Amino acid sequence: MLSNRGCCSCRQNGFGMQPMPYGNQMMNAQPMMECQVVEPTITQCQEREFYHEVPHVCPIHTHTVNRHIYKHTYTPQYSCSEENQVCNIDCGKCSGFLR
């Protein structure tokens, strides 16, 4: 926002007039060209305010830890096997029947 406020008192110091001649000193003189009268400077002060928006970056970082938990379970798995054996009982040879 911009605001203007007067900060100096504006005043004039005197009127800038030339002293007038006394007597008739000027009466017999040739007419003179008038000089330009410069008045004292009037100073005007202004105060101005400027507002600026200053952006600030506030970094926020999120770090995620993924924890993988393995629970080991044991399930018995039964199996079985069998074996077949052959036993031969041999009483002799076929020739034993001959006779």
Side-chain angles (χ1 to χ4, degrees):
M1 173 171 261
L2 183 66
S3 68
N4 292 333
R5 286 184 270 161
C7 63
C8 304
S9 61
C10 301
R11 57 194 155 173
Q12 296 178 345
N13 297 327
F15 297 101
M17 296 178 65
Q18 300 292 328
M20 296 296 288
Y22 294 106
N24 54 359
Q25 295 173 349
M26 293 289 264
M27 292 264 199
N28 298 332
Q30 295 285 336
M32 293 178 60
M33 205 170 195
E34 299 266 337
C35 292
Q36 184 179 17
V37 177
V38 178
E39 298 288 333
T41 302
I42 299 173
T43 303
Q44 294 180 344
C45 252
Q46 294 181 349
E47 288 184 13
R48 302 188 309 172
E49 296 174 346
F50 296 91
Y51 292 90
H52 301 277
E53 183 175 322
V54 180
H56 291 256
V57 176
C58 302
I60 299 174
H61 175 76
T62 301
H63 178 79
T64 303
V65 175
N66 295 316
R67 182 172 290 130
H68 298 275
I69 302 173
Y70 293 96
K71 179 181 177 187
H72 296 275
T73 60
Y74 297 95
T75 305
Q77 189 173 17
Y78 298 102
S79 65
C80 64
S81 63
E82 68 180 43
E83 180 178 331
N84 294 312
Q85 292 182 349
V86 177
C87 293
N88 289 319
I89 300 177
D90 188 6
C91 296
K93 296 186 179 184
C94 289
S95 60
F97 290 106
L98 290 174
R99 222 203 232 202

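Just so you know, these numbers come straight off a predicted model, no measurement behind them.
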Residues 74-85 side chain polar contacts: donor-acceptor under 3.5 Å, at least two apart:
| unit_1 | atom_1 | unit_2 | atom_2 | d |
| --- | --- | --- | --- | --- |
| E83 | OE2 | Q85 | NE2 | 3.1 |

Study note, to complete from the structure: N88 meets the side-chain contact (heavy atoms from CB on, under 4.5 Å) criterion, sequence neighbours left out, with V86
Review point. Are Y51 and E49 close enough that a side-chain donor and a side-chain acceptor fall under 3.5 Å?
Key: yes
Point to revise | Which atom of H56 lies closest to which atom of V54, heavy atoms considered | key: CD2-O, 3.1 Å
